[in-house]
Amino acid sequence: MYLNRSKLSAYRTANGFIIGICGITVFFNILFFIFLLTSSSIEKDLATYIVNTFLFFIISFKAGIIIWRLLMIRRLSKCMIYNSLLEEDHDGILSYSSIASMTGKTESAVIKDIMWLVRSRFLINVTVGRTAVRVDLLTDEREFVTVLCPTCGAHIVIRRNGGGRCDHCGTFMRLKEGTDV
């Protein structure tokens, strides 16, 4: 409900493609670099030195791209954690301090992550409070409904078209769109 799954999967696919292409080309660049260094038939002159230096910078650049994309994948994995926290919230407001305590991160790291995820549209239907102390959850319908827990039968209040965790037994349930209550 808050996770832009189509954008996230497209980003992961693009990352995989970029990492794969860069990885393959780095492998062949390294092989060619080693060939040039060990080749005895090529004279060790200025041209060879320039080619080797150029290849080294190309390899370094592509390796940097791979590392950057892997770090972005790691950063986006936080999206799933924040989404689950947002879905389990009952009242529609989560403070940064409570998110920080639930994730074990600092409050400034949580603010930075959520601001980036909202700005990049990986988290949707979420607005960041002006005072930077809370996250307001928006849904098409702010209506809350009472449902029965399928495990223990307790009455649970959750957001329509959302999800929640039973306070009694801990079962997570999701109210699907179009479901009659």
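The basis for the numbers below is simple: all heavy atoms, side chains too, and nothing from hydrogens, waters or symmetry mates.
Between Y96 atom OH and I114 atom CD1 the span is 6.0 Å, to the nearest 0.5 Å. A distance of 7.5 Å separates CZ of R12 from OG of S77, quoted to the nearest 0.5 Å. Between the CD1 atom of I81 and the CE atom of M102 there is a distance of 12.0 Å, given to the nearest 0.5 Å. Atom CG in D113 sits 3.5 Å away from atom OH in Y82 (nearest 0.5 Å). In this structure, K7 NZ and L76 CG are separated by 9.5 Å, a value rounded to the nearest 0.5 Å. The distance from the NZ atom of K78 to the NZ atom of K112 is 7.5 Å, given to the nearest 0.5 Å.
Applying the ring pair (Phe, Tyr, Trp, His ring centres under 6.0 Å) test to residues at least two apart or on different chains, the pairs with a partner in residues 99-119 are W116-F122.
Applying the side chain to side chain contact (heavy atoms under 4.5 Å, CB included) rule to T151 yields the partners C149, C169, T171; only residues at least two apart in sequence or on another chain are considered. Taking the side chain to side chain contact (heavy atoms under 4.5 Å, CB included) definition, one finds that M115 meets it with I111, R119, V128, sequence neighbours left out. With sequence neighbours excluded, the residues forming a side chain to side chain contact (heavy atoms under 4.5 Å, CB included) with T53 are Y49, F57, listed by chain and number. Partners of H168 under the side chain to side chain contact (heavy atoms under 4.5 Å, CB included) rule, at least two apart in sequence or in another chain, are C152, A154, I156, C166.
Cluster annotation: L70 is not connected to I65 through the hydrophobic network of ILVMFWY side chains, with a link wherever side-chain heavy atoms come within less than 4.5 Å. Under the 4.5 Å side-chain heavy-atom criterion for ILVMFWY residues, a single connected hydrophobic cluster contains both L55 and I34.
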Per-pair distances, 0.1 Å, donor-acceptor, side chain in residues 14-32, under 3.5 Å, sequence neighbours excluded:
from: N15; atom 1: OD1; to: R69; atom 2: NE; distance (Å): 2.5
from: N15; atom 1: OD1; to: R69; atom 2: NH2; distance (Å): 2.7
from: T25; atom 1: OG1; to: I21; atom 2: O; distance (Å): 3.0
from: T25; atom 1: OG1; to: C22; atom 2: O; distance (Å): 3.0
from: T25; atom 1: OG1; to: K62; atom 2: NZ; distance (Å): 3.3
from: N29; atom 1: OD1; to: K62; atom 2: NZ; distance (Å): 2.9

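The closest donor-acceptor contact from the side chain of S101 to the backbone of S98 lies under 3.5 Å.
Counting non-hydrogen atoms of other residues, nucleotides and ligands closer than 6.0 Å to CZ of F172 gives a total above 12.
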